[in-house]
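A short worksheet on the structure shown next.
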Amino acid sequence: MPASDSDVLVVGGGVIGLACAYRLAAEGADVRLIDASGAQGASWAAAGMLAPISEATFGEAALTRLTVAAVPRFTALAAELEAATGSQVGLRRDGTLVVAFNSDDKAALARLSAFRSEAGLSSEPLTGRQARELEPYLATSVRSGVFAADDLSVNNRAYVTTLRAAAEAVGVAFVHEQVGGLLQSSARTHGAVTVTGVTYEAATTVLCAGSATPKLLDVEVYPVKGQILRLAVPERLSAAGPVLTRTVRGLVRGSEVYLVPRAGGEIVLGATSEQQGHDTTVTAGAVYELLRNAYELLPISSEFAFVEARAGLRPSTPDNGPLVGRVDDGLILATGHYRNGILLSAITSDAVHELAAGRGLGPEWAAFEPTRFARG
Ligand SMILES: Cc1cc2nc3c(=O)[nH]c(=O)nc-3n(C[C@H](O)[C@H](O)[C@H](O)COP(=O)(O)OP(=O)(O)OC[C@H]3O[C@@H](n4cnc5c(N)ncnc54)[C@H](O)[C@@H]3O)c2cc1C
């Protein structure tokens with residue numbers, strides 16, 4: 001089949017591929033993006049929390065520094081996209097309230113909060129009563145809480161849709177096809193070939209295929225399945241005001257659950273974390289557990305409408321950090337964003353733009369070289 005040329009070929013059109021394609025085209029490159037699903041991967045399933053504080057955990061200091069640096073990049077890109085398209089991405093700055101139920105959950109939350117304070121992340125400890133003052137519908141059994149005022153959230157589906165519109169507006173050419181392999185010769189990548197045999201040549205290929213990346217390149221990325229529900233607050237409940245005003249996360253007998261409110265009454269309830277290969281089946285047991293945990297956290301949730309159950313595959317790596325960097329003269333890798341791909345999309349697109357221009361990356365990226373696992 002005839003070859004088709006562009007400066008840059010982006011493989012994969014989730015948030016990472018879309019943000020990279022948008023940034024490169026906005027800076028003047030001729031960009032083509034190939035995606036098989038129409039962004040129906042992890043980016044569509046996600047909850048949209050932009051939560052460097054409540055996601056920060058032991059042993060992930062470099063990742064925390066990156067996620068903290070990602071927030072202003074995300075909000076700047078969101079403003080840029082909204083101005084360019086006239087659409088809203090649903091950014092919310094209400095913070096995250098994390099709550100605990102029994103003494104074990106309370107102790108675990110206290111340990112995590114101490115670690116976060118030492119890392120310079122600001123959060124405010126609360127009693128159960130203070131937590132309920134912030135969110136009056138919380139269960140009376142909530143024992144303690146922590147409020148992270150600087151965590152944000154976004155409507156990830158509105159963000160994906162707006163990114164695509166903005167990418168189209170700056171000239172990104174979209175191809176709805178599945179890539180079967182990279183075109184490689186003399187240790188250099190020069191494009192990709194689809195499963196139907198069409199070749200796309202490019203000076204630079206950017207590989208952003210999420211959890212499917214190992215099917216195209218030998219990298220340490222594996223899928224972590226997340227089952228997640230979308231509920232809706234009926235008007236009769238929200239007539240007197242919103243039932244939930246900010247993201248609430250809870251440890252319910254050791255198991256994590258979160259509720260993320262959106263404008264318009266949608267509540268995203270997540271999520272499981274399972275290593276099941278590439279399986280995206282929604283299971284009765286997961287739906288049951290998510291609803292049960294939500295009920296324990298927010299009893300009124302049993303009156304919400306059930307809208308959707310879905311599973312997405314987080315692209316994970318052995319150290320939970322992304323793989324962003326040059327692989328050869330023609331290939332840039334941007335994948336492995338695991339739990340934080342929505343938050344990291346803008347800062348990743350900046351990094352890919354730097355790499356495509358032949359420049360190096362700042363120190364915040366030093367821990368995320370794509371070759372770090374190969375070196376053992
Ligand atoms: C349940 C759940 C909740 C989450 N919550 C959050 C959250 O609150 N905040 C946050 O920041 N992150 C969250 N994440 C993580 C985030 O969704 C991911 O890190 C992010 O979406 C990864 O983006 P991506 O573009 O790399 O992958 P994807 O969105 O999976 O996109 C990859 C794309 O590549 C395409 N593709 C793959 N192979 C090929 C091929 N051979 N040919 C053509 N196209 C191909 C696919 O069709 C797909 O569109 C969550 C994830 C899940 C599953």
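Each ligand, and each atom within it, is numbered from 1 in the order the structure gives. Since the structure is predicted, the reported quantities are computational estimates derived from the model, not experimental observations.
- The atoms of ligand 1 that sit less than 4.0 Å from any heavy atom of His337 are 19 (O).
- Proximity of Leu18 to ligand 1, defined as any heavy-atom pair under 4.0 Å, is not found for any part of the residue.
- For the residue pair Ser141 and Glu296, no side-chain donor N or O sits within less than 3.5 Å of a side-chain acceptor on the partner.
- The protein non-hydrogen atom at the shortest distance from atom 42 (N) of ligand 1 is Val179 N, 2.8 Å.
- Using a cutoff of 4.0 Å between basic side-chain nitrogens and carboxylate oxygens, Arg143 and Asp105 are not scored as salt-bridged.
- Only the backbone of Arg339 comes within contact range of ligand 1, with a heavy atom under 4.0 Å; no side-chain atom does.
- Judged by the 6.0 Å distance and 45° axis criteria, Arg164 is positioned over the aromatic ring of Phe174.
- Through chains of ILVMFWY side-chain contacts below 4.5 Å, Val98 is grouped with Leu109, Val146.
- In terms of protein heavy-atom proximity, atom 50 (C) of ligand 1 is closest to Ala46 CB, 3.6 Å.
- Atoms of ligand 1 lying under 4.0 Å from at least one heavy atom of Leu216, given by number and element, are 41 (N).
- Counting only heavy atoms from C-beta outward, the side chains of Val142 and Phe101 approach each other to under 4.5 Å.
- Of the heavy atoms in Glu177, only backbone atoms (N, CA, C, O) come closer than 4.0 Å to ligand 1.
- In this structure, the separation between CD on Glu80 and OG1 on Thr162 is 12.5 Å, given to the nearest 0.5 Å.
- Of the N or O atoms in Gly12, none lie within a sub-3.5 Å distance of an N or O in ligand 1.
- Closest to atom 52 (C) of ligand 1, if we only count protein heavy atoms, is Arg314 CG, 3.7 Å.
- The shortest N or O to N or O distance between Ile342 and ligand 1 is under 3.5 Å.
- Near Val15, meaning under 4.0 Å from any of its heavy atoms, are these atoms of ligand 1: 21 (O), 23 (O), 25 (O).
- Nearest-heavy-atom check against atom 32 (C) of ligand 1 across Gly41, Gly48, Ala209, Gly38 picks out Ala209.
- Residue contact annotation: Thr335 has no non-hydrogen atom under 4.0 Å from ligand 1.
- Those atoms of ligand 1 with a heavy atom of Ala39 less than 4.0 angstrom away are 49 (O).
- Between Gln178 and ligand 1, a contact under 3.5 Å exists for no N or O pair.
- Checked by atom type, the side-chain pair Thr245/Asp94 shows no donor-acceptor distance below 3.5 Å.
- In the hydrophobic clustering, Leu251 connects to no other residue, as no ILVMFWY side-chain heavy atoms lie under 4.5 Å from its own.
- Summary of contacts: the protein heavy atom closest to atom 47 (O) of ligand 1 is Ser37 OG, 2.8 Å.
- Looking only at side-chain heavy atoms (C-beta outward), Val219 and Pro370 stay at 4.5 Å or farther from each other.
- Looking only at atom types and distance, the side chain of Glu289 has no donor-acceptor partner in the side chain of Thr272 under 3.5 Å away.
- Annotation: atom 31 (O) of ligand 1 to nearest protein heavy atom, Gly14 CA, 3.4 Å.
- Residues Ser301 and Ile267 form no side-chain contact, since every pair of their non-hydrogen atoms from C-beta on lies 4.5 Å or further apart.
- Within ligand 1, counting atoms from 1 as listed, the ones closer than 4.0 Å to a heavy atom of Asn340 are 10 (C), 11 (O), 12 (N).
- Although no hydrogens or angles enter the test, the distance criterion places a donor-acceptor pair under 3.5 Å between the side chain of Ser43 and the main chain of Val15.
- Here the heavy atom of the protein found nearest to atom 33 (C) of ligand 1 is Asp35 OD1, 3.5 Å.
- In this structure, the separation between OG1 on Thr161 and CG on Asn156 is 9.0 Å, given to the nearest 0.5 Å.
- Between Gly210, Gly341, Ser43, it is Ser43 that holds the heavy atom closest to atom 23 (O) of ligand 1.
- Distance from atom 9 (N) of ligand 1 to its nearest protein heavy atom, with residue and atom name: Met49 O, 2.8 Å.
- Counting heavy atoms only, Gly226 comes closest to atom 1 (C) of ligand 1 of the residues Gly226, Gly13, Ser211.
- With a 4.0 Å heavy-atom cut-off, ligand 1 is reached by no atom of Trp44.
- Contacts between Ala212 and ligand 1, counted as non-hydrogen atom pairs separated by less than 4.0 Å, involve the side chain only.
- A side-chain N or O of Thr335 and one of Thr213 form a donor-acceptor pair less than 3.5 Å apart.
- Between the side chains of Gln184 and Thr189, a donor-acceptor pair is found at a separation under 3.5 Å.
- Given atom 44 (N) of ligand 1, the protein heavy atom at minimum distance is Ala36 N, 3.1 Å.
- Between Leu331 and Leu217, some side-chain heavy-atom pair lies under the 4.5 Å cut-off.
- Here's the thing with Leu343: one of its N/O atoms is less than 3.5 angstrom from an N/O atom of ligand 1.
- Geometrically, ligand 1 and Ala42 share a nitrogen or oxygen pair separated by less than 3.5 Å.
- With distances taken over non-hydrogen atoms, the option nearest atom 53 (C) of ligand 1 out of Ala192, Ser316, Gly312 is Gly312.
- Contact annotation: for Tyr258 versus ligand 1, heavy atoms closer than 4.0 Å belong to the side chain alone.
- The cluster map of Ile, Leu, Val, Met, Phe, Trp and Tyr, joined by side-chain heavy atoms under 4.5 Å apart, puts Phe373 and Leu207 in the same cluster.
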